[in-house]
Amino acid sequence: MTEKFADQLNLEKNANGSWLYAYGLLAGREKLFFNESQLQQLINANSESDFLNLMQSANFLGETVDEALINSQQADLDLIYSIVPDYALLELFLLFNDAHNLKVLLRTILPAQESILINNIEYLFMRPYLTEPQQILSVICNLSKNSKNDSELMTESGLTDLKVPEWFKTTIKQAEKVYLETYDMSRVDLVVNQALWQELIDKLSDINSKWLTEYYLLKADLINLEILLRCRNLSLSKEFFQRSILLQGNISQEQWLELFSFDNSALATKIDLLGFGDFSEIAINYHELGSASIFSQLADSRLMQKIQETKYFSSGVEKVAAYYLVRELERRNIRLIRACNLNAISHERAYQIIRPPYAGV
């Protein structure tokens, strides 16, 4: 019987934890992080039960692999909820669940010809979340109903009874507008992604952690670099690339657009100058089979290098953030290794694509 986690965390109550207590508690839990030997054991697991047993020894608890992965994220967020002195960091992490749930609802409702019952799609939601999906559904339906009646979109004052953040309301309006113009759901996802990252940057200013801000700016740059290489490889237009990139990050939109026009050799040189020399070779060879997975591994390795900087940090928001971010990368590693096992990918190839473990202990 697995633990039941809260779907929506109550962030209106006062947090009663402390960074010092969190530091001590998580230091012990770091000892359960996967090391290189344990990752190799996962790759060599002969059965699903062996695989699950190895996960459980690293604090991934559940009756199936999928359940253990879902439970682990919920348990990590619940743990942070119980040990921190304020909820700003938790809100930052939960933004990603909320954005996922918003995409699910928009993808379901915008093309629908009839009413949607929340119970029919609740299995698609990520938990815990900041915003109740039923509230999001009500906003989308209200806005959609007004626009389809050829009247103006409902004003903000008409939505005050719905407990949905302001960024959700503006994003829903923009997403519906884009969908009615293009009927392209991928464009809707882009609207949500842009809004998510702007909200994330806004919340980072409240947290006031130089390291954490650097981490997410680096992540935005890596996302944009991957979009750049993918668009070039698929011969997509510069306009498509411009729509797709995140506006956040260390590298400006103007710099990204300039990079788009270089040949592979010049691009490799330019990204080296921007501090991404470890991606120079993949920039030249991205057209080759398997390059996308190599890029993903390089990107995660770069993020892990950033997380390693917190090894000698004292108690504070950075240590708690690092714990959660390591666990997120572990979840990705588990999914990758399991996919290799299920698809009979050679152990040698699996070793090449797994992410490096955290070396903080």
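In this structure, the separation between CZ on F168 and NZ on K173 is 15.0 Å, given to the nearest 0.5 Å. Atoms CG and CZ, on L79 and R29 in that order, are 4.5 Å from each other to the nearest 0.5 Å. Rounding to the nearest 0.5 Å gives a distance of 8.5 Å between CG of L204 and CH2 of W197.
Membership of the apolar cluster around V178 extends to V191, as traced through chained side-chain contacts below 4.5 Å between ILVMFWY residues. Y312 forms part of no hydrophobic cluster, judged by ILVMFWY side-chain heavy-atom separations under 4.5 Å.
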Indicate every side-chain donor-acceptor pair of residues 267-274 with a distance under 3.5 Å to a residue at least two apart or in another chain.
unit_1: T269; atom_1: OG1; unit_2: S265; atom_2: O; d: 3.3

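Note on ring orientation: taking the six-membered ring where Trp is involved, the planes of Y81 and Y87 are parallel (angle under 30°, cut-offs 30° and 60°).
A donor-acceptor contact closer than 3.5 angstrom is absent between the side chains of S301 and R355.
Applying the ring-ring contact (aromatic ring centres under 6.0 Å, His included) test to every pair with at least one member in residues 94-137, sequence neighbours left out, gives no pairs at all. Annotation: side-chain hydrogen bond (donor to acceptor under 3.5 Å, both in side chains) contacts involving residues 279-294, sequence neighbours excluded, comprise S293-R349.
The side chain to side chain contact (heavy atoms under 4.5 Å, CB included) check on L124 picks up V104, I121, with sequence neighbours excluded.
The one candidate from V84, N16, I83 that meets the side-chain contact (heavy atoms from CB on, under 4.5 Å) condition with Y21 is I83.
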